[in-house]
J.: 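Can you keep this structure in mind? I'll have questions shortly.
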Amino acid sequence: MSRVRLSIAYDGTDFTGWARQPGLRTVQGVLEDALSKVFREPIQLTVAGRTDAGVHAEGQVAHFDTSGELDAEKLVHRMARFLPKDVRITGARPAPPEFDARFSAIRRHYAYRLTTAPYGAEPLQARSVVACRSGVDVGAMREASRTLLGLHDFAAFCRRREGATTVRELQRFDWVRDGDLLVAYVSADAFCWSMVRSLVGAMLAVGEGRRTVEWVAALLRETERSSSVTVAPAHGLSLIAVDYPADGELAARNAQTREMRSVPAQQAGCCGD
């Protein structure tokens, strides 16, 4: 068996998320069915980030094992014929057996795209850009975002999953404006369920003057999901990149990721996504 690493992009609008679900159209289901036909054996994918329904990806990463031979360039071309237009394998290459798309990842990078244009999102951006108020205070949003950087329990921003921790290290959370386009760039070692969209929703509440920077900082003391945090719409979010260590450091990274995450005086479960 040999291991193959894939780079993947998709428009999540018409998918019920990444993870395969019986009777539903999912990114994993579509890809695994197509790959199984090409390799003439059952293919199972392990992914870096299991995106929710409606969330997009420009830099998703997955791996699979196969007994077949890999011609990376040929595979990319063949999959373009087998796959629907809203998902593409943009790259393929051999990977060492220690590579794990999920557990080897050092950090994941997301972008959330908003527009402040008075007419909303332009038609060609309507599936990936969310309209917001034109007068949002981006300075206040940046200040509030900085209070969340570092290793914290983000329970207030996460939908809890049984056996998964909400402790995460938020490494980047900033805002870039280009005319009417406003983009939040969010990076962390990992994210829990709905975390990025909740972070964006909280910052929008600050930018619109409904909440304060102090309110955001106080959310880090919460131990359960906060009902005061609104989850931003899914279609503005895209997974844009995943970082991995050098091949010689993969095994150590896998072990580290599987260890329990914790912060002082707070309880954590086992590893989450």
Side-chain angles (χ1 to χ4, degrees), residues 4-39 42-64 75-92 101-102 105 108-115 117 119-132 158-159 161 180-186 190-201 204 230-242 273:
V4 180
R5 171 175 167 174
L6 300 176
S7 299
I8 303 166
Y10 48 87
D11 176 343
T13 306
D14 298 323
F15 289 104
T16 314
W18 166 270
R20 180 185 282 274
Q21 301 178 58
L24 297 175
R25 186 175 187 260
T26 67
V27 183
Q28 182 180 16
V30 167
L31 284 169
E32 287 182 344
D33 290 347
L35 287 165
S36 297
K37 292 176 182 177
V38 168
F39 283 89
I43 297 296
Q44 293 185 327
L45 293 171
T46 297
V47 73
R50 291 179 291 184
T51 51
D52 292 336
V55 176
H56 315 294
E58 299 154 58
Q60 180 71 276
V61 178
H63 81 259
F64 67 92
L75 177 63
V76 170
H77 283 289
R78 289 194 69 187
M79 293 304 296
R81 297 198 303 270
F82 273 83
L83 291 171
K85 293 182 179 180
D86 52 359
V87 57
R88 282 291 179 267
I89 291 176
T90 59
R102 178 185 178 192
R108 297 155 174 85
H109 305 275
Y110 282 88
Y112 194 97
R113 297 179 173 95
L114 298 154
T115 179
Y119 49 80
E122 295 185 11
L124 291 180
Q125 299 176 330
R127 291 163 68 102
S128 60
V129 178
V130 174
C132 69
C158 297
R159 295 179 183 176
R161 280 177 167 163
D180 292 325
L181 185 64
L182 180 60
V183 184
Y185 290 99
V186 191
F191 292 93
C192 48
W193 192 11
S194 294
M195 179 175 165
V196 180
R197 291 164 58 200
S198 296
L199 290 171
V200 171
L204 281 174
T230 300
V231 179
H235 70 276
L237 185 61
S238 182
L239 174 61
I240 58 174
V242 185
D273 289 338

J.: Rounded to the nearest 0.5 Å, what separates atom CG in Leu239 from atom NE2 in His56?
T.: 12.0 Å
J.: Nearest 0.5 Å, please: how far is NZ in Lys37 from CE in Met79?
T.: 10.0 Å
J.: If you take all heavy atoms of Ala131 and Ala121, which pair is closest and at what distance?
T.: CB-N, 4.4 Å
J.: Which pair of non-hydrogen atoms, one from Ser238 and one from Glu58, has the smallest distance, and what is that distance?
T.: OG-OE2, 2.6 Å
J.: Does His63 use its side chain to pair, donor to acceptor, with the backbone of Ala101 at less than 3.5 Å?
T.: yes
J.: List the steps and the verdict of side chain to side chain contact (heavy atoms under 4.5 Å, CB included) for Val87 and Phe15.
T.: CA-CA 10 Å; Val87 57; Phe15 289 104; 4.2 Å; yes
J.: Would you name the heavy atoms of Ala232 and Gly201 that are closest together and state the gap between them?
T.: CB-N, 4.1 Å
J.: Any side-chain heavy atom of Leu6 sitting closer than 4.5 Å to one from Phe64?
T.: yes
J.: Are Leu199 and Tyr112 close enough, and set up right, to give a side chain to side chain contact (heavy atoms under 4.5 Å, CB included), and what steps lead you there?
T.: CA-CA 10 Å; Leu199 290 171; Tyr112 194 97; over 6 Å; no
J.: How many angstroms lie between atom CG of Leu31 and atom CD of Gln60, to the nearest 0.5 angstrom?
T.: 9.5 Å
J.: Less than 4.5 Å apart, any side-chain heavy atom of Val47 and any of Gln28?
T.: no
J.: Between Arg88 (side chain only) and Pro84 (backbone N and O only), is there a donor and an acceptor less than 3.5 Å apart?
T.: yes
J.: Is Asp86 salt-bridged to Arg25, cutoff N-O under 4.0 Å?
T.: yes
J.: Can any side-chain N or O of Thr90 pair as donor or acceptor with the backbone N or O of Ser7 at less than 3.5 Å?
T.: yes
J.: Under 3.5 Å, is there a donor-acceptor pair linking the side chains of Thr26 and Gln21?
T.: no
J.: Of all heavy-atom pairs between Ala48 and Arg108, which one has the smallest distance, and what is that distance?
T.: O-NE, 2.8 Å
J.: Which value, rounded to the nearest 0.5 Å, describes the distance between Leu45 atom CG and Glu32 atom CD?
T.: 4.5 Å
J.: Considering non-hydrogen atoms only, spot the tightest contact between Val242 and Gly59 and give its length.
T.: CG2-O, 3.8 Å
J.: Kindly indicate, with the supporting measurements, whether the criterion side chain to side chain contact (heavy atoms under 4.5 Å, CB included) is fulfilled by Val38 and Ile43.
T.: CA-CA 10 Å; Val38 168; Ile43 297 296; over 6 Å; no
J.: As an exercise, state the distance from NE2 of His77 to CZ of Phe82, rounded to the nearest 0.5 Å.
T.: 14.5 Å
J.: Do the non-hydrogen side-chain atoms of Leu204 and Leu114 ever get within less than 4.5 Å of each other?
T.: yes
J.: Among pairs that include at least one residue of residues 76-85, which meet salt bridge (Lys or Arg N to Asp or Glu O under 4.0 Å), considering only residues two or more places apart or in two chains?
T.: none
J.: In Å, rounded to the nearest 0.5 Å, how long is the span from SG of Cys132 to CG of Asp180?
T.: 9.5 Å
J.: Quick one: closest heavy-atom pair of Arg113 and Leu181, and the distance?
T.: CB-CD1, 4.4 Å
J.: Applying side chain to side chain contact (heavy atoms under 4.5 Å, CB included) to Val55 and Trp18, what does each step give before you reach the verdict?
T.: CA-CA 9 Å; Val55 176; Trp18 166 270; over 6 Å; no
